[in-house]
Amino acid sequence: MKRRKFLTIAGSAGVIIAAGGVGFVATRSPTGALEPWKNAGSLYSDPMRRALSYAILAPNPHNRQPWVVDLKSDVEAVLSCDLGRLLPATDPFNRQIVIGLGCFLELFAMAAADHGYRADIRSFPDGGSDGELDQRPIARLALEKQEGLRGDPLFAHTLDRHTNRNSYDTDRAIGDDLLGRLRGAAADNVRVGTANDGAQLSDLRTLTRDAMWAEVRTTEAYQESIELMRIGRAEIEANPDGIALGGAFLEMLKLAGILSRESLADPTSRSYQIGLDMIEDGAMTSMGFVWINTLGNDRKAQIEAGRAYMRVALQATADGLAMQPMSQALQEYAAMAPYYETIHDRLTSQPGERVQMLARLGYAEETGPAPRWPLETRVRKS
Ligand SMILES: Cc1cc2nc3c(=O)[nH]c(=O)nc-3n(C[C@H](O)[C@H](O)[C@H](O)COP(=O)(O)O)c2cc1C
């Protein structure tokens, strides 16, 4: 639907022929911004940077890539958060940022094991505040060579895992066996729940749609996303993070003046309306949901939720399932309060339990990788 609708407006603007053609498509791919996906595991011979070159491919909110690593040696490092890469409007307590760093740590450990190293990860070694993140380290990392260490089979799917925001196929149900494997993929310090039919599926579709619509209507929250949009190849290459609106098609709309940060923010524009329709399409074609809960919500619990999400996402990839987090209802700003309450009512079973991640599932057309900053821009030698 997304493509069809955009085609309608692009067609009426008469820009398809002007901007179309295979050559255009081939030259609009942000090749530099995708290099980290090609280089993972191959640029560095030392075990620390080799493992980190995979860790930077972890999912993370709004693709902010908030990781900064101080290299102490070939086997020791300290992970910190770049406090300039937070999401104050939609993630006021930096909970989601920490979950993304948890994803990073899980991928780091898997990549190290794949290379024969056991990763010792000590999260928040100097403690952490529940309010806002500060300069204290997120984790101390140490690698130790271990003979006979068996890698994790999930790691093989790292380069194929991508957040998939396409429409999902409503003719293809998700088998209970697959949901069972997703629930089994995470460590047992979190609770993973799933749904694939009945009232629960339809409730979650509606709830995630309504929460996302509410976010778009909350100026400060929506504006935070708009400012992180990279529209077209030049913007993506210059800042390979945030929300990449790339590809020949969207670039064409940008050139035609149809797609811009201003039009996306303007509730009377067609881009804005199409955005709302795309949200509905995504949510309502969900064929299943998976959620990750922790008991309590301290920093370590958030790290564990991220580690679990990483594993669940790789298991989904292994099983050919598309997946997209739908985080709005879990967020802690005022406009989300009613959705937050409903989701916790429905998906938790004891006081103090917190839903940390909620993602839609289904079968869909494949989607490509999201940009990444190269590893060398995220490490410091001390
Ligand atoms: C804590 C967290 C929350 C996220 N929330 C959303 C979300 O609400 N909607 C969405 O489309 N993607 C969400 N994502 C996915 C990120 O946008 C995605 O990981 C990032 O853009 C990088 O893309 P990739 O996963 O394809 O590598 C979330 C990821 C994390 C770790």
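Both ligands and their constituent atoms are indexed starting at 1 by order of listing.
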- Query: Under the salt bridge (Lys or Arg N to Asp or Glu O under 4.0 Å) criterion, do Arg233 and Glu251 qualify, and how do the steps go?
  - Reply: CA-CA 8 Å; Arg233 188 176 74 161; Glu251 184 126 4; over 6 Å; no

To which protein heavy atom is [atom] closest, and what is the distance rounded to 0.1 Å?
{"atom": "atom 30 (C) of ligand 1", "value": "Pro61 N, 3.7 Å"}
{"atom": "atom 17 (O) of ligand 1", "value": "Arg165 NH2, 2.9 Å"}
{"atom": "atom 9 (N) of ligand 1", "value": "Pro325 O, 3.0 Å"}
{"atom": "atom 27 (O) of ligand 1", "value": "Arg372 NH2, 2.7 Å"}
{"atom": "atom 8 (O) of ligand 1", "value": "Ser327 N, 3.1 Å"}
{"atom": "atom 23 (O) of ligand 1", "value": "Ala370 CB, 3.4 Å"}

- Item | Short N or O distance, Tyr309 and ligand 1, threshold 3.5 Å exclusive | no

- Does any non-hydrogen side-chain atom of Gln65 lie less than 4.5 Å from one of Ile56? no

- Query: Is Thr208 close to Gln328 at the side-chain level, that is, under 4.5 Å between some pair of heavy atoms?
  - Reply: no

- Query: Partners of Tyr363 by ring pair (Phe, Tyr, Trp, His ring centres under 6.0 Å), sequence neighbours excluded?
  - Reply: none

- Locate the shortest heavy-atom distance separating Ala301 from Thr294; write the atom from each residue and the value. O-CG2, 3.5 Å

- Considering all heavy atoms of both residues, which atom of Leu143 and which atom of Ala112 are nearest to each other, and what is their separation? CD2-CB, 3.6 Å

- Item | Under-4.0 Å heavy-atom contact with ligand 1, by part of Gln96 that carries it | both

Which atoms of ligand 1 sit under 4.0 Å from any heavy atom of [X]?
{"X": "Arg161", "answer": "24 (P), 25 (O), 27 (O)"}
{"X": "Asn60", "answer": "16 (C), 17 (O), 18 (C), 19 (O), 20 (C), 29 (C), 30 (C), 31 (C)"}
{"X": "Gln328", "answer": "8 (O)"}
{"X": "Pro59", "answer": "19 (O), 25 (O), 31 (C)"}

- Query: Which is closest to atom 2 (C) of ligand 1 in terms of heavy atoms, Met323, Met357, Gln331?
  - Reply: Met357

- Task: Counting heavy atoms only, name the option from Thr163, Asn164, Thr208, Thr367 that's nearest to atom 15 (C) of ligand 1.
- Result: Thr163

- Can Asp70 and Lys381 be counted as an ion pair, charged N to O under 4.0 angstrom? no

- Message: Whether Arg64 and Asp82 form a salt bridge (side-chain N of Lys/Arg under 4.0 Å from carboxylate O of Asp/Glu) is what I want to check.
- Response: no

- Please list, chain by chain and in numerical order, all residues satisfying side-chain contact (heavy atoms from CB on, under 4.5 Å) with Lys300, sequence neighbours excluded. Ser123, Asp298

